[in-house]
Amino acid sequence: MSNCVFITGATSGFGHAAAHRFAEAGFPLVLTGRRRERLEALQKELSAQTQVHIAELDVSDETAVQKVVDELPQEFRRVGTLINNAGLALAPEPAQQVELGDWHTMIDTNVKGLVNVTHALLPSLIEVGAGASIINVGSTAGQWPYQGSHVYGATKAFVQQFSYNLRCDLLGTGVRVTDLAPGMAETEFTLVRTKGDQAASDALYGGTTPMSAADIAEQMFYIATLPAHLNINRVEIQPVRQVWAGMKVHRDG
Ligand SMILES: NC(=O)C1=CN([C@@H]2O[C@H](COP(=O)(O)OP(=O)(O)OC[C@H]3O[C@@H](n4cnc5c(N)ncnc54)[C@H](OP(=O)(O)O)[C@@H]3O)[C@@H](O)[C@H]2O)C=CC1
Ligand SMILES: O=CCS(=O)(=O)O
């Protein structure tokens with residue numbers, strides 16, 4: 001049987017699309033997220049294609065992460081691909097207007113959550129060895145500053161550097177590590193960032209062609225199924241209709 005693909009944040013967006021993409025190819029899946037009803041629906045949808053184990057999980061809860069990994073059923077214990085996808089942005093306002101709690105939530109999820117899951121699954125990934133992959137979902141925001149990105153962009157800069165450093169430490173194990181850094185993609189991301197403002201989300205994605213969750217899932221599948229001697233260090237991917245912001249200048253008057 002193939003090694004499992006463990007996906008965090010499988011209830012929506014990139015993670016949900018990745019579950020479909022890997023199921024199509026018959027990989028056994030461990031799907032996690034906080035919204036149980038969505039996990040159950042996904043399991044039902046995909047179980048004709050592959051074996052699916054679901055676990056309700058908040059990645060920021062270190063104890064819960066370890067428990068989910070320790071209690072994986074026997075047939076899901078050989079995790080060969082980890083997709084560290086769970087994450088979020090909050091508070092698109094300037095830093096000086098933001099609630100401290102929103103900064104903490106982004107750090108707890110995008111940084112601590114990602115390291116919690118990585119730490120818990122490293123033994124399995126190393127046991128699989130050649131061909132195993134860790135795909136960490138970063139962002140263009142980790143590289144390119146913009147107003148309102150503050151802690152979000154900083155968490156994604158962490159994801160990039162952690163990915164590179166992890167790759168150094170895993171030298172010789174066969175485990176690959178990639179920082180997958182997308183730009184604008186239409187998912188529930190903006191709805192979450194604006195705390196439920198559907199109009200703001202529609203306005204951001206309207207009148208242009210953002211990437212889709214399926215576009216990013218295809219990148220994940222490509223990275224994970226490359227020949228075992230190849231490591232993609234970083235992928236930065238944007239829609240054609242998005243470029244970097246220009247320099248801003250504060251003027252009198
Ligand atoms: N959309 C975009 O433009 C871009 C997004 N990204 C990144 O991609 C990743 C996926 O986002 P995207 O699919 O767009 O957004 P969505 O909001 O559609 O999906 C986010 C997923 O993360 C999960 N999640 C959030 N917090 C937690 C938590 N504490 N514990 C477990 N799961 C959690 C959610 O599940 P649940 O709520 O059920 O727990 C959900 O499944 C994120 O890391 C995001 O930062 C990067 C670049 C661009
Ligand atoms: O990570 C998400 C892309 S953006 O909203 O920062 O451009």
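All values below come from the heavy atoms of this structure, side chains included, with hydrogens, waters and symmetry mates left out. Counting starts at 1 for both ligands and their atoms, in listed order.
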L191 contact mode with ligand 1 (heavy-atom cut-off under 4.0 Å): neither
Below the 3.5 angstrom mark, is there an N/O of Y205, backbone or side chain, next to an N/O of ligand 1? no
Is any N or O atom of V192, backbone or side chain, closer than 3.5 Å to an N or O atom of ligand 1? no
Please write down residue, atom name and distance for the protein heavy atom closest to atom 6 (O) of ligand 2. Y146 OH, 2.5 Å
Taking atom CG of D70 and atom CZ of R77, what is their separation to the nearest 0.5 Å? 7.0 Å
N/O to N/O below 3.5 Å, does that happen between T140 and ligand 2? no
With heavy atoms and a 4.0 Å threshold, my read on which part of K156 contacts ligand 1 is side chain
What do you reckon, does D58 have a nitrogen or oxygen under 3.5 Å from a nitrogen or oxygen of ligand 1? yes
Go through the steps for N116 and V59 under the test side chain to side chain contact (heavy atoms under 4.5 Å, CB included), then give the verdict. CA-CA 7 Å; N116 288 342; V59 292; 5.8 Å; no
For ligand 1, which atoms, with element, lie under 4.0 Å from some heavy atom of T11? 34 (C), 35 (O), 36 (P), 38 (O), 40 (C), 41 (O)
Among all protein heavy atoms in this structure, tell me which lies nearest to atom 3 (C) of ligand 2, with the distance rounded to 0.1 Å. S139 OG, 3.7 Å
Does only the side chain of R193 get under 4.0 Å from ligand 2, or the backbone, or both, or neither? Count heavy atoms. side chain
Should you measure from each heavy atom of Y152, which atoms of ligand 2 turn up under 4.0 Å away? 1 (O), 2 (C), 6 (O)
